[in-house]
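First comes the structure, then the notes that go with it.
All values below were derived from every heavy atom in this structure, side-chain atoms included, with hydrogens, water molecules and symmetry-related copies excluded. Being a predicted model, the structure only gives us computed values, none of them experimental. In what follows, every chain begins at residue 1, and chains take the letters A, B, ... in the order their sequences are listed.
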2 protein chains.
Amino acid sequence: MQRRSKDTISLAILQTTEALAEKYGIEKISMHQIAQTAGIGQGTMYRRFVNKGALCMELMHEKFHLLSEHVAQIVKQPNTVEEKLIAILEEHVHFLECHVSFIETIHDAATCEGKKQTFYESQPYQLLHQIIRRLLEEAITTKKIKPIQTDFTAHTWIASINPKIYLYLRKEKRYSEQDVVAYFIQSFINPLFIK
Amino acid sequence: MQRRSKDTISLAILQTTEALAEKYGIEKISMHQIAQTAGIGQGTMYRRFVNKGALCMELMHEKFHLLSEHVAQIVKQPNTVEEKLIAILEEHVHFLECHVSFIETIHDAATCEGKKQTFYESQPYQLLHQIIRRLLEEAITTKKIKPIQTDFTAHTWIASINPKIYLYLRKEKRYSEQDVVAYFIQSFINPLFIK
DNA sequence: TTGACAAGCGGACAACTGTCCAGTATTATT
DNA sequence: AATAATACTGGACAGTTGTCCGCTTGTCAA
């Protein structure tokens, strides 16, 4: 059989996945199905993407990049730390709203046990975490908020709106995207900032 | 074959699971393996427990009950709302510390998609959520904190220390159980209470 | 007591993830 | 150009979860 280049194969996989995900939803399709549809073997599939999470991660690469650019923009603006944090929150929640299934898939695949990279060590997560942490630190040094453990706080902030709970709040509890943002500000951001 | 009563079978499954989990860790053993060791068929297994999560839930029943009794005790104590919330947090984190693998298994098995009960609709979760919500409401009516959406806040508080992030903070970030409690108080509880 | 009917059992099965390896295509060597 | 070394492929395979169904066991009415 004619051998294709690495890139050709990756591209074929990614395009096939995108098409199938569009049609059936990413959570409904299997690695096997993708491989078969793309006309490659199971082994080739897994050599390129260790699991569905990694595949989704690559599929989302573009979008993550866009998100991080937005966030970088926000940080550059001449606003208060509080305003920046709120803007990032809005951006983050909206991103979740648009791509829950994909993010959930990535989340699920990256188990803590297997030493394959955890979700928390992925570049997009680290980036978001770092930016929140830095803003919190800035808020502390400028006496806008009382000292807190910023690393911990950034992690738990992100965890508090993880894909699973977000879906529950949206679908079962019927909160809107805007509700989630507003309540988060009310409960987590406002109280920190001493008025 | 001699037919056993429902209870006998359930007991056999639970005991087998406990023994195997003790030996290999709950995350390493499969439903098939449990069924085989218990000397029953796959079908019987799944008729009694829809998945590993449900099995773990039943296995943890006793412990959940104990936890909820502790929490009930805490609520009854003649302390301030803030003190009660902190005591519950300590109890909750300690519970997580002791039973992470089981709770993670329950968490993972209860997917949002399949209409099988979600984790968030399980009795133990609902109970914990309700108690936190009520304490927050009490704090609002007694003017200890500014008004917030208590339902949302209780959900996100619990989500912020979910098993996955907890394991990450403990194992990778090397935070201690006490660190997690202390930082949570610092970042989420203290700021709410107006001094 | 017996026959019919309901309930429950357990293994076969289908679908999935992830690994492995025999064989084929490509590249390097002489 | 021939051959040896290397890299890559795809499908077979093992181990999972979860479902299904033929058969067995117990129950109840006549």
Side-chain angles (χ1 to χ4, degrees), chain A residues 1-13 16-17 20-21 24-58 101 104-119, chain B residues 1-14 16-17 20-21 24-59 101 104-119:
Chain A
M1 167 163 313
Q2 176 72 22
R3 181 176 296 178
R4 290 147 295 187
S5 80
K6 267 188 177 177
D7 292 347
T8 311
I9 282 194
S10 293
L11 194 67
I13 295 174
T16 306
T17 309
L20 287 175
Y24 305 104
I26 186 69
E27 68 280 354
K28 294 280 177 55
I29 61 180
S30 72
M31 292 293 266
H32 184 82
Q33 188 183 355
I34 296 168
Q36 207 137 57
T37 309
I40 58 168
Q42 198 81 333
T44 310
M45 180 86 204
Y46 276 96
R47 203 171 326 100
R48 185 62 191 78
F49 300 101
V50 290
N51 56 39
K52 215 166 135 188
L55 178 50
C56 286
M57 189 63 105
E58 193 128 332
S101 338
E104 196 181 7
T105 304
I106 296 173
H107 213 270
D108 284 353
T111 66
C112 273
E113 283 312 312
K115 44 229 52 160
K116 334 204 167 186
Q117 94 251 8
T118 72
F119 177 69
Chain B
M1 171 163 312
Q2 176 70 24
R3 181 174 297 176
R4 291 147 292 188
S5 81
K6 267 189 177 178
D7 292 348
T8 312
I9 282 194
S10 294
L11 195 66
I13 295 175
L14 289 171
T16 305
T17 309
L20 288 174
Y24 306 105
I26 186 70
E27 67 282 353
K28 294 281 177 56
I29 60 181
S30 71
M31 292 293 265
H32 183 82
Q33 188 183 355
I34 296 168
Q36 206 138 56
T37 310
I40 58 167
Q42 197 82 332
T44 309
M45 181 87 203
Y46 276 94
R47 203 171 325 101
R48 186 62 191 79
F49 300 101
V50 289
N51 55 39
K52 215 165 134 186
L55 178 50
C56 284
M57 189 63 105
E58 192 127 334
L59 219 43
S101 339
E104 196 181 7
T105 304
I106 295 173
H107 213 269
D108 284 353
T111 66
C112 274
E113 284 313 310
K115 44 231 49 161
K116 333 204 168 187
Q117 94 251 5
T118 72
F119 178 69

- request: Please round to the nearest 0.5 Å and tell me the distance separating atom OG of B/Ser30 and atom CD of B/Gln42.
  value: 7.5 Å
What is the distance, to the nearest angstrom, from the [atom1] atom on [X] to the [atom2] atom on [N]?
X: B/Gln36; N: D/dT16; atom1: CD; atom2: P; result: 10 Å
X: A/Phe49; N: D/dT9; atom1: CZ; atom2: P; result: 13 Å
X: A/Leu20; N: C/dC16; atom1: CG; atom2: P; result: 12 Å
X: B/Leu55; N: D/dG18; atom1: CG; atom2: P; result: 11 Å
X: A/Met31; N: C/dT19; atom1: CE; atom2: P; result: 10 Å
X: A/Met45; N: D/dA12; atom1: CE; atom2: C1'; result: 18 Å
X: B/Ile29; N: D/dT17; atom1: CD1; atom2: P; result: 10 Å
X: A/Gln33; N: C/dA14; atom1: CD; atom2: C1'; result: 14 Å

message: Taking 4.0 Å as the cut-off, does a side-chain nitrogen or oxygen of B/Tyr46 come that near to OP1 or OP2 on D/dG18?
response: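 It does, given that an N or O in the side chain of B/Tyr46 lies less than 4.0 Å from OP1 or OP2 of D/dG18.
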Measuring from the side chain of [X] (C-beta onward, heavy atoms only), which nucleotide among [options] has the closest atom?
X: A/Gln42; options: D/dG10, D/dA12, D/dT17; answer: D/dA12
X: B/Ser30; options: C/dC9, C/dG18, D/dT17; answer: D/dT17
X: B/Arg47; options: C/dG10, C/dT17, D/dT19; answer: C/dG10
X: A/Thr44; options: D/dT9, C/dC9, C/dG18; answer: D/dT9

State, with a plain yes or no, whether a side-chain heavy atom of [X] is found less than 4.5 Å away from one of [Y].
X: A/Leu55; Y: A/Met31; answer: yes
X: A/Lys52; Y: A/Thr17; answer: no
X: A/Asp108; Y: A/Glu104; answer: yes

field: All side-chain contact (heavy atoms from CB on, under 4.5 Å) counterparts of B/Thr16, not counting sequence neighbours
entry: B/Leu20, B/Ile34, B/Thr37, B/Ala38
message: Using a heavy-atom cut-off of 4.0 Å across all strands, would you classify B/Ile34 as base, sugar-phosphate, or nothing?
response: nothing
